[in-house]
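The chain is numbered in sequence order, starting from 1.
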Amino acid sequence: MNIPQSSFSRVVIIGGGFAGIALAKKLSKQEFQVVLLDKHNYHTFQPLLYQVSTGGLEPDSIAYPIRKVLQGYPNFYFRLAEVLNINTERNIIDTNIGPLKFDKLVVATGTETNFFGNEELARNSMSMKTIPQSLNLRSLILENFEQALLTDDLHEREALMNFVIVGGGPTGVELAGALAEIKKGILPKDYPDLDTRRAQINLVQSGDRLLPAMSEIASKKAEDFLEELGVNVWKNLRVANFDGKKATTNGDTIFETETLIWAAGVKAVTIRGLDGENFVSRSKRLLVNQYHQVKGFDHIYAIGDVAQMESEDYPRGHPMMAQPAMQQGENLGDNLVASLKGKAPKPFNYKDKGSMATIGRNKAVADLPKFKFQGVFAWFVWMFVHLYFLIGFRNRVVVFINWVYNYIKFDREARLIIRPYKQQFKTDR
């Protein structure tokens, strides 16, 4: 990899997400040689991926070059690489561009979509965890309406305009709200020769309420907001299979649709070498202690969504969100710096700053530590928080201008089919 030798201890970070970037920032001005590896050369602001999928934002406004994040820092190196294996005995990682030795290793690989072992759903449904996936979804949504114009088959037309979103967490709720606004304000103008009133947006939740991680009042208000927008909310219903034409459930309900979007769960991205039963929990997350050390090691750490730190307050680990990831990265960075000075590390103490979700124009719910509120004020708070945590001044300006323009014009001008996308449906039969 052409990483020079150094008298400083080499810290290798796998993953340029919220946790990995927070840690790299803490270490890059210290007496460490920091090597950050990622499959992409950019950091993705995942909370806004749904806006890329629905034409509200272009992808470059929620992505930022990793090299620029840490530009000018001494002893920092970035390599575009995919990690294939971790040799814990020799302290070497194997990648697609060659091996690399480490003194300390930090796994911050994040999560991927979890289909819970259902191969047919994995093959035929759409995911929204990366920018390429979001662009594929954007193209597919728009192509469906183009195709609906051309068919004389009423059932096919309605299937093309019938969208099923599986998962009632923040991703599913925000995506359903965005699609409902497109149906209401944009489709009638773009497709005047198509009866877009027949378009259906279905949100399917296996539990008894939406946003289960938030308060009951937030869940109820989010459901009310969605129903006001015309979304069909299905609770206590689980999608069992999808063959590209029909989505079957554990009940009598069958959805005739050509687009099923899976937002029902995530699992940790594990790497061979740290995927044994001694290290990984049922959710595929790496078990770590209160100092972020992976079980059985004192020089290998895990932070962010991939780490499961069990405690009395969080028996199943911390929420898979940006805030815990950033706080863990900062805490580990402080502890590694403290180790240089011979000081004892501090255990991680998560400061819950609350949860939020937006459902659409002037509609959002917010659960903060001391306050819970919904509606217009929650929507403004949601926008401010997301702008604040976006990386890059240009990105903040571009996103803000887009939001103001979309609000005034009730429009989403990034509804472009840049690269056509066609699903290849396969069944087990």
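The distance from the CD atom of Glu216 to the NZ atom of Lys221 is 15.5 Å, given to the nearest 0.5 Å. A distance of 12.5 Å separates CG of Leu390 from CZ of Phe393, quoted to the nearest 0.5 Å.
In this structure, Ile14 and Leu105 have side chains that are in contact, with non-hydrogen atoms separated by less than 4.5 Å. Counting heavy atoms from C-beta on, the side chains of Trp262 and Leu121 come closer than 4.5 Å.
For the pair Asp190 and Arg415, the salt-bridge criterion is met [side-chain N within less than 4.0 Å of a carboxylate O]. Ion pair Glu223/Lys235 flagged as a salt bridge, since at least one NZ, NE, NH1 or NH2 atom sits closer than 4.0 Å to an Asp/Glu carboxylate oxygen. The residues Lys220 and Asp224 are annotated as salt-bridged, a charged nitrogen and a carboxylate oxygen being separated by less than 4.0 angstrom. Remark: Glu158 engages Arg198 in a salt bridge, criterion side-chain N to carboxylate O under 4.0 Å. For Lys245 and Glu258, the salt-bridge test passes: some basic side-chain N is under 4.0 Å from an acidic carboxylate O. No salt bridge links Asp305 with Arg285; every basic N to acidic carboxylate O contact stays at or beyond 4.0 Å. Between Asp60 and Arg394, at least one side-chain N (NZ, or NE/NH1/NH2) sits under 4.0 Å from a carboxylate O, which counts as a salt bridge.
Figure legend: Arg361 and Phe410 shown without cation-pi pairing, the cationic atom not lying both under 6.0 angstrom from the six-membered ring centre and within 45 degrees of its axis.
Residue Ser219 is tested with Asp367, Leu211, Val173, Val365 for a side chain to side chain contact (heavy atoms under 4.5 Å, CB included); the sole match is Leu211.
At a cut-off of 3.5 Å, with distance as the only test, a side-chain donor of Asn232 or Gln200 sits close to an acceptor on the other residue. Between Asn91 and His299, the side chains place a donor N or O and an acceptor N or O closer than 3.5 Å (distance only, hydrogens not considered). Side-chain contact annotation: Gln133 with Ser127, donor-acceptor N/O pair under 3.5 Å absent.
Side chain of Arg138 to main chain of Leu416: a donor-acceptor pair is present (N/O by atom type, distance under 3.5 Å, no hydrogens or angles). Put simply, the side chain of Thr109 never gets that close to the backbone of Thr270: no donor and acceptor are under 3.5 Å apart.
At most 12 heavy atoms of other shown residues, nucleotides or ligands fall within 6.0 angstrom of atom CZ in Phe384. Few gaps surround CZ on Phe389; more than 12 heavy atoms of other groups in view lie less than 6.0 Å from it. Under a cut-off of 6.0 angstrom, the local environment of OH in Tyr388 is sparse, with at most 12 non-hydrogen atoms contributed by other residues, nucleotides or ligands. No more than 12 heavy atoms of other residues, nucleotides or ligands sit less than 6.0 Å from atom NZ of Lys409. In Ile217, the CD1 atom is not crowded: 12 or fewer heavy atoms of neighbouring residues, nucleotides or ligands sit closer than 6.0 Å. More than 12 heavy atoms of other residues, nucleotides or ligands lie within 6.0 Å of NZ in Lys372, so this atom counts as buried by the packing criterion. Enclosure of atom CG in Asp252 is not indicated, since only 12 or fewer non-hydrogen atoms of other residues, nucleotides or ligands lie within 6.0 angstrom. In Arg90, the CZ atom is not crowded: 12 or fewer heavy atoms of neighbouring residues, nucleotides or ligands sit closer than 6.0 Å.
The aromatic rings of Phe348 and Tyr350 lie parallel to each other, with less than 30° between the two planes, well short of the 60° mark. Using bins of under 30°, 30° to 60° and over 60° for the plane-to-plane angle, the ring pair His386/Phe45 lands in the perpendicular bin.
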I would like to know whether Thr111 and Lys129 meet side-chain hydrogen bond (donor to acceptor under 3.5 Å, both in side chains); could you show each step before the answer?
CA-CA 8 Å; Thr111 58; Lys129 285 291 292 178; 2.9 Å; yes

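Aromatic ring centres of Trp379 and Tyr407: separated by under 6.0 Å.
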